[in-house]
Amino acid sequence: MLHSSEQIKNLSRRHFLAQCAGGIGSLALGSLMGCSSSPFGLNVTNSLSIRSPRFPAKAKNVIYMHMAGAPSQLELFDYKPELIKLDNQDCPPSLLEGKRFAFIRGVPKMLGAKANFSQHGQSGAWISDNLPHFSTIADEVSFVKSVTTDQFNHAPAQLYVHTGAPRLGRPSLGSWVTYGLGSENSDLPGFVVLTSGGKTPDAGKSVWGSGFLPSVYQGVQCRSEGDPVLYLNDPEGMSRDLKHSTIEAINSVNRQHYDQFQDPETLTRIAQYELAYKMQISVPEVMNINNEPESIHQLYGTTPGKESFANNCLLARKMVEKGVRFVQLFDWGWDSHGTDFDNALDLGFRNKCRQVDRPMTALILDLKQRGLLDQTLIVWGSEFGRTPMLENRDGAKMPFFGRDHHLEAFTIWMAGAGIKKGFSWGETDEIGYYPIQGKVSVHDINATILHQLGFDHEQFTYQFQGRPFRLTDVAGNVIKEIVA
Amino acid sequence: MEFIGRLHPLVVHLPIGILLLAFLFEVLSRFHGYKKLKLAADVSLVLGTVSAMLASVSGWLLSNEAGYEEHLLTQHKISGLVTTALALILAALFVGIRSFKKDVRKKIRLFAFFPLMIALFTTGHFGGSITHGEDFLFSTSSGQNEEATERKMVSSNPSPTIIYADLIKPLLESKCYGCHSSKKQKGKLRLDGEEWILKGGKNGAIIRNGAPSESELFKRIALPIEDKAHMPPREKTQLTSGEIDLVSQWISDGASFTMPIAQSKSAAFFKKHIAVSSLPQSQNLWPDEPVGEPDEEAIKLLRQEGVVVGSLAEGNNYLTASFLTYDTFPLKSWPHLVKLSDQIISVRIGRVYLTKTDWSNLAQLKNLRMLYADNTNVTDTDVDAIISLDKLNYLNLAGTKITNAGLSKLAKLKSMQQLFLFGTLCTSEGIDQLQKQLPNCVVDIGGYKLPILPTDTLIYRPKPLK
């Protein structure tokens, strides 16, 4: 048993600050946190128990679909007839002066859309024939066609979108949201990540990391093929009772350790053990799509047991139904440079479009018929857009039609949870190069997402290294125009 | 000087209060034991007269500022001056009649007060009419009226035909009439009629046909909200970007007051505007009126039970309760839930099994707005408990065994806004029947399908190398 003076010595400045943030915060939230039923009877304040937003909010859950690699807005949503007229002409120097592109060198040619556009829904949204299913629900979503970023490589740009900073170390959007709101279901992680397309995003798992927030808020990656969560299964011969008593023993040791050193990460560890134990039952259950009726499989185009975007969309719906706060979907293979068949705008890109068109449409319709669309915020986006110019890598012509990374303007869309239906905000110039109206930043999008969840992004902070940090750093304005 | 004028709304209450008090003292001083109050009446009268003069001066300065309705202002000015004059006369009179006989003096004093009181109330009434509108006193509640107009706005003419009458006028009515109509004319501007709009405000015309950027009406609404000249004022309900575009287009096309949409050269623009604004947007389902603090002990006990109890927002007493981790409803939680029945507005029992008792207990959560009872064992008889939840505006019965029989009972829930019936046994006849009685409720029967398109299975493959 340590004396209190020694205990105080053990408290580093960092612990003190962390305790201040957590301690005072939890005092304020004390009435709302309480202790949820723990199979271990340990009186640890569950960091994932439900917490209130700053103001009443429409969105309770988020499903964020990120098309890693950056799909071309010019082949999907941003219709530019003028660009088609300029097809194959030299790019004017005014668009190139003082610019640096990821790959384009010298004078590239302009490239008209490799898709046909038409208007859809009562709102008359322009959508290309690459998304025939999605076109039918144009009246459910709000497009933002004037998003800009300042990072032209995938990894920093993805970090920028998801953590508000292009460098490592900041918590991701999903972590902020679970930190702020906790979870409605103590048996499942509050923040789940599902990837499809073979690769994790270029930025690695940091795009769903918890940064300086307690690590209990990091995204938990679940797989639709093989074990849903790696290393969660018991080894052969280990009974659930034995597991229970093992975790009980570990946690009581951890508890003593916490009493001694007051390190909040110890609490995280205790909570993680408990959650992992519960997840052994709950995750395989929620990750199983075999019991879904045939009509649902047809709607989404799912094949059980496969790793696909379609499966992940259906899983996202099941998770939200079960109260998972934030579901992050990553799809891979959208980097349409035109270097090979798979990323050619008129070939492989169209295959990719087909892989997501039906499932993302189905997800919105399925949430709608289950009465969950009005409380689930759907975000579809990427890390940047693609140039109106044909890529000429290092000045040489490419074998296929492709476009380089473009920072000045790209399109995202949102739906559900109090986002306007059948609306479009922001406009680009006649070739889709710069926004000419309603320009928004990556921070503006995050501010809007937090707003729909009931947070003022300027007030929602975490004390770290002697100053309050927030997701939107020192920027960001809520895009009020797309809020109903 | 402007500042002194702005003090008028404050100063004006002094003569009203003090002169009224002088009159009351005068009356009271006639009763046995209150004789001393005569002196108080004198003092109050003098003080009231001085304050009336102050109010007159400040009022005069304020009246130089623009934006008040002319005829009311004149009436207020005249009656205000009369009141001040009467107060002065009265004070002089009281000094003058000191030598009169006591009972004569008493009569004169009392009757001399009446004209002053009448003038005082008249002035007050006109002043009130200027600030609150002429119909303020006798309309039931001005707040509710405004809300009613706004509500009406949403469902105004279902098939608009005239650009001005059906698109522009309702917009001006809901966002501008508050300060620019018969009630008030801030900046000497009225917008409640063709003649007034064409007349313009104190700086002249507000519309230049064909040129929105030179029309004050458009410029003011298009200015950034931080700008002092921006309209409507910051704290008032703002125009949406779509509405601003609407005004711009109307002016561009010549600001006609009679042009039908169909004949307009921008018919496509207006039709799109109508189409977009008629898409149903989602509504807030939570109540705005405050509620008392919840029983903390009950919340604690529910949480120990494993029920997830959240609050609507920080500092908001409304609660939500979720049972997402349960297979069967925890019977023990009922007493605590009932204690919180004022606060609980949302209950999530999706995929939970409830007994007959549980279903009937549900009726006690009388303040419930949202009930997520999808995939539960709810039956048509259990609906009897649900229909006593008369504030319910969201009901999710997707994946249940509800039939038309249960559905027809729901017609009693007049505040219902969203009803989900995907995967139930209800038929379209049953839903049509219900919709007739609940025309404002969105009923979603789901079962959405995406067609199989020939392109769905099309996969581009690289040509094999020769």
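Source: prediction; values computed, not measured. Residue numbering restarts at 1 for every chain, and letters A, B, ... go by the order of the sequence lines.
- To the nearest 0.5 Å, atom CG of residue A/L373 and atom CD of residue B/Q418 are 9.5 Å apart.
- Side chain of A/N351 to main chain of B/Y460: a donor-acceptor pair is present (N/O by atom type, distance under 3.5 Å, no hydrogens or angles).
- In this structure, B/D444 contributes its side chain and A/G371 its backbone to no donor-acceptor pair below 3.5 Å.
- Interface check for chain B: of the options A/K480, A/E481, A/K322, the most heavy-atom pairs under 4.5 Å are formed by A/K322.
- Looking at A/F423, only its side chain comes within 4.5 Å of chain B, counting heavy atoms on both sides.
- Residue B/I445 does not touch chain A at all, counting heavy-atom pairs closer than 4.5 Å.
- Using a 4.0 Å cut-off between charged side-chain N and carboxylate O, B/D456 and A/R358 make a salt bridge.
- Taking 4.0 Å as the cut-off between side-chain N and carboxylate O, B/R351 and A/E321 count as a salt-bridged pair.
- Ranking B/P451, B/G423, B/A398 against chain A, the residue ahead of the rest is B/P451, based on heavy-atom pairs under 4.5 Å.
- Looking only at heavy-atom pairs under 4.5 Å with chain B, the residue among A/K368, A/Q355, A/R350, A/Q298 that has the most is A/K368.
- Among B/L453, B/N316, B/L421, the residue making the largest number of heavy-atom pairs under 4.5 Å with chain A is B/L453.
- For a residue to count as touching a neighbouring chain, one of its non-hydrogen atoms must lie under 4.5 Å from one of that chain's; by this rule B/R348 touches chain A with the side chain only.
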Test log, rule side-chain contact (heavy atoms from CB on, under 4.5 Å), inputs B/F420 and A/Q369: CA-CA 7 Å; B/F420 297 92; A/Q369 71 188 352; over 6 Å; no
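- Residue contact with chain B, scored on non-hydrogen atoms closer than 4.5 Å, involves the side chain of A/D374 exclusively.
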Could you go through the side-chain contact (heavy atoms from CB on, under 4.5 Å) check for B/F323 and A/E184 one step at a time? CA-CA 9 Å; B/F323 298 81; A/E184 241 181 306; over 6 Å; no
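- Your options are B/Y372, B/W286, B/Y318, B/Y394, and the one with the most heavy-atom pairs under 4.5 Å with chain A is B/W286.
- Residue A/T136 touches chain B through its side chain alone, counting heavy-atom pairs closer than 4.5 Å.
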So B/L450 and A/T361, side-chain contact (heavy atoms from CB on, under 4.5 Å) or not? Walk me through it. CA-CA 9 Å; B/L450 291 172; A/T361 311; 3.9 Å; yes
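- In terms of modelled atom types and a separation under 3.5 Å, the side chain of A/R354 and the main chain of B/L458 share a donor-acceptor contact.
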Full working for side-chain contact (heavy atoms from CB on, under 4.5 Å) between B/T325 and A/L188: CA-CA 9 Å; B/T325 52; A/L188 286 170; over 6 Å; no
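- Both the backbone and the side chain of A/S123 come within contact range of chain B, each with at least one heavy atom under 4.5 Å from a heavy atom of that chain.
- Considering only heavy-atom pairs separated by less than 4.5 Å from chain B, the leading option among A/N185, A/D366, A/I419 is A/N185.
- Interface remark: A/A57 contributes backbone atoms only to the contact with chain B (heavy atom separation under 4.5 Å).
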